[in-house]
Amino acid sequence: MTTVQNNNTTPTSLGDNNARTKLVVIYAPPGMAGHLFPTVEFGKLLVAQGLEVTVVLSGVGDADDLTRIRAANPSLSFHCLPTPMLPSAGADSFEAKVFGLAHASLPDLRDFLRSASPAALVIDFFCASAFDVGAELGIPTYFFLTTCISVVAFGLYQPAMDEQTTLSFRDLGGDLVHAPGLPPIPADHLPAFTLDRNSLSTKLFRDVPHQLCNSQGIIVNSCRSLEPRAVDAIVSGLCTPGRPTPPLYCIGPLIKPKEVGVGTERHECLAWLDGQPKASVVFLCFGSSGRFGTEQIKQMAAGLETSGQRFLWVVRRPVTGDEHHQLAVDELDLDALFPTGFLHRTRERGLVVMSWAPQRDVLAHGAVGGFVTHCGWNSVMEAVMAGVPMLAWPLYAEQRMNKLFLVEGMQLAVAMEGYDKQMVEAEEVAAKVRWLIESDGGRELRQRTHAAMRVAKDALDKAGESTTALVHLARQWKNADHDATAACGLIID
Ligand code: UDP
């Protein structure tokens with residue numbers, strides 16, 4: 001099957017009567033908020049469709065976070081595999097460590113799957129090595145990818161590119177790389193951990209397209225209407241020449257629910273936003289890990305000040321030369337972090353929040369008129385669902401690609417120039433922030449983002465394209481006659 005699961009009839013969850021509730025196991029890496037949030041939302045949708053869901057984590061990660069997530073999502077089961085011992089050498093990047101962790105947990109995952117006997121196994125990108133365990137146990141195995149469809153199209157096409165050259169992407173500098181359904185991509189915009197063909201990270205990354213192609217399906221947190229060219233390129237087989245094309249299920253955008261109402265106090269920044277005019281505040285937030293050096297923080301502050309615009313800025317501990325001797329956030333001297341007097345001079349129209357703000361709720365607040373984002377895919381989906389236009393300032397992972405697709409494909413963002421030169425100058429920050437809030441160009445961007453929001457919300461309607469794809473998928477699993485116990489029994493020695 002090579003088409004998006006998009007039936008003309010609208011299936012519902014009613015009428016799929018199987019005696020035993022079917023179990024779906026989702027295998028995810030621990031401690032990666034950007035992967036766990038959408039995974040949990042996906043799991044909840046499956047439960048609403050009449051499935052049982054266990055999220056298996058390859059280790060505990062942050063125990064407090066996990067406790068919070070468990071408490072907020074009682075309809076899901078969570079199972080943490082024992083944290084494995086990792087070889088002390090070898091992993092050359094954060095990504096390689098996460099791949100390694102998921103791989104090292106496979107014996108425990110195998111035991112768990114044998115006893116749980118799920119109707120389907122769904123694995124995260126970083127847990128791709130579990131594909132072989134699913135195949136070994138005869139469990140239909142799918143991928144749930146927390147990035148955009150365009151990045152998936154690129155990943156699927158990677159083996160075809162590898163056949164054309166022996167060069168590493170790093171050797172190509174800013175030369176353009178071409179893949180079906182996508183705008184040309186400067187090679188230096190590809191994720192850092194894929195650039196060097198001889199590195200362990202790149203080798204691990206390059207195995208994944210083969211596992212994707214042989215999987216039962218790829219589930220993506222985006223919707224067809226936002227990325228039609230990439231979807232068409234994938235389902236028509238253009239991205240997978242000479243290889244099987246897996247079914248594609250675009251079921252998004254899935255974003256976190258409101259934080260208020262799940263036992264948390266309303267954050268002070270939301271009260272501050274209550275007092276600001278409609279669509280007047282620029283929100284700056286750079287994901288769960290985005291950090292800057294002190295000079296960049298000073299340039300941002302100076303730019304925000306001269307812009308004259310209202311702002312809400314989430315600031316993390318700065319990057320310093322010595323990562324082993326970091327001050328905790330509450331030990332930081334804020335007056336030294338920012339230009340002298342900045343906090344005092346901007347106190348009437350700006351708020352700085354250290355470390356973390358409830359981003360999903362901030363973006364949904366009517367006072368927010370723009371978002372300076374690192375282009376993490378969850379952040380993008382949250383902005384689209386709130387109709388907030390974006391200024392793109394990519395930092396790590398696949399974010400430069402996301403920026404390109406947002407700016408040149410979907411036209412939902414404008415880039416902050418200088419992101420690729422290690423320094424965005426104060427003048428650029430001031431000019432772009434002003435442009436976004438005050439100019440006709442900024443208003444047009446806002447209108448386009450509102451149109452995208454309507455399209456995305458339609459996709460999630462009862463009869464929308466994403467709901468239809470999800471219901472179709474859930475129905476397959478509910479009706480599966482696959483007996484994983486029997487399949488597992490064959491190989492128990
Ligand atoms: N987030 C948040 N407050 C913050 C920073 C991040 O709530 O101060 C949330 C954000 O809403 C999103 C997730 O953390 O759901 C970040 O995911 P994304 O994919 O955007 O970036 P990543 O952290 O994976 O780089």
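Numbers here simply count residues along the sequence, with the first being 1.
One N or O on the side chain of N378 and one on the backbone of G34 form a donor-acceptor pair closer than 3.5 Å. Under the 3.5 Å distance criterion, the side-chain polar atoms of R224 are left unmatched by any main-chain donor or acceptor of S466. Without hydrogens or angle criteria, S105 side chain to L101 main chain gives a donor-acceptor distance under 3.5 Å. Side-chain atoms of W313 never come within 3.5 Å of backbone atoms of M300 as a donor-acceptor pair (strictly under, hydrogens ignored). In this structure, S168 contributes its side chain and D196 its backbone to no donor-acceptor pair below 3.5 Å. Between the side chain of T54 and the main chain of S77, no donor-acceptor pair closer than 3.5 Å is present. Between the side chain of T306 and the main chain of A302, a donor-acceptor pair closer than 3.5 Å is present. Proximity of a side-chain donor or acceptor of R291 to a complementary backbone N or O of R317 within less than 3.5 Å is detected.
Within the 4.5 Å cutoff, the side chain of T147 has heavy atoms near those of the N402 side chain. Side chains of N73 and K44 form a contact here, defined as non-hydrogen atoms less than 4.5 Å apart. Looking only at side-chain heavy atoms (C-beta outward), L121 and F131 stay at 4.5 Å or farther from each other. Looking only at side-chain heavy atoms (C-beta outward), P159 and H210 come within less than 4.5 Å of each other.
For the atom pair CZ (R360) and NE2 (H365), the distance works out to 12.5 Å, reported to the nearest 0.5 Å. Rounding to the nearest 0.5 angstrom, the gap separating the CD1 atom in I123 from the OG atom in S129 is 7.5 Å. In this structure, CZ on F405 lies 14.5 Å from CD on Q411, to the nearest 0.5 angstrom.
Under the 4.0 Å criterion applied to side-chain N and carboxylate O atoms, E295 and K298 are not assigned as salt-bridge partners. A salt bridge does not link R229 to D232: none of the charged side-chain nitrogens sits closer than 4.0 Å to a carboxylate oxygen.
Y27 and F144 have their aromatic ring centers separated by at least 6.0 angstrom. Aromatic rings from Y396 and F94 are positioned such that their centres are separated by 6.0 Å or more.
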| field | Working for side-chain contact (heavy atoms from CB on, under 4.5 Å), residues I437 and S280 | value | CA-CA 7 Å; I437 298 294; S280 69; 5.6 Å; no
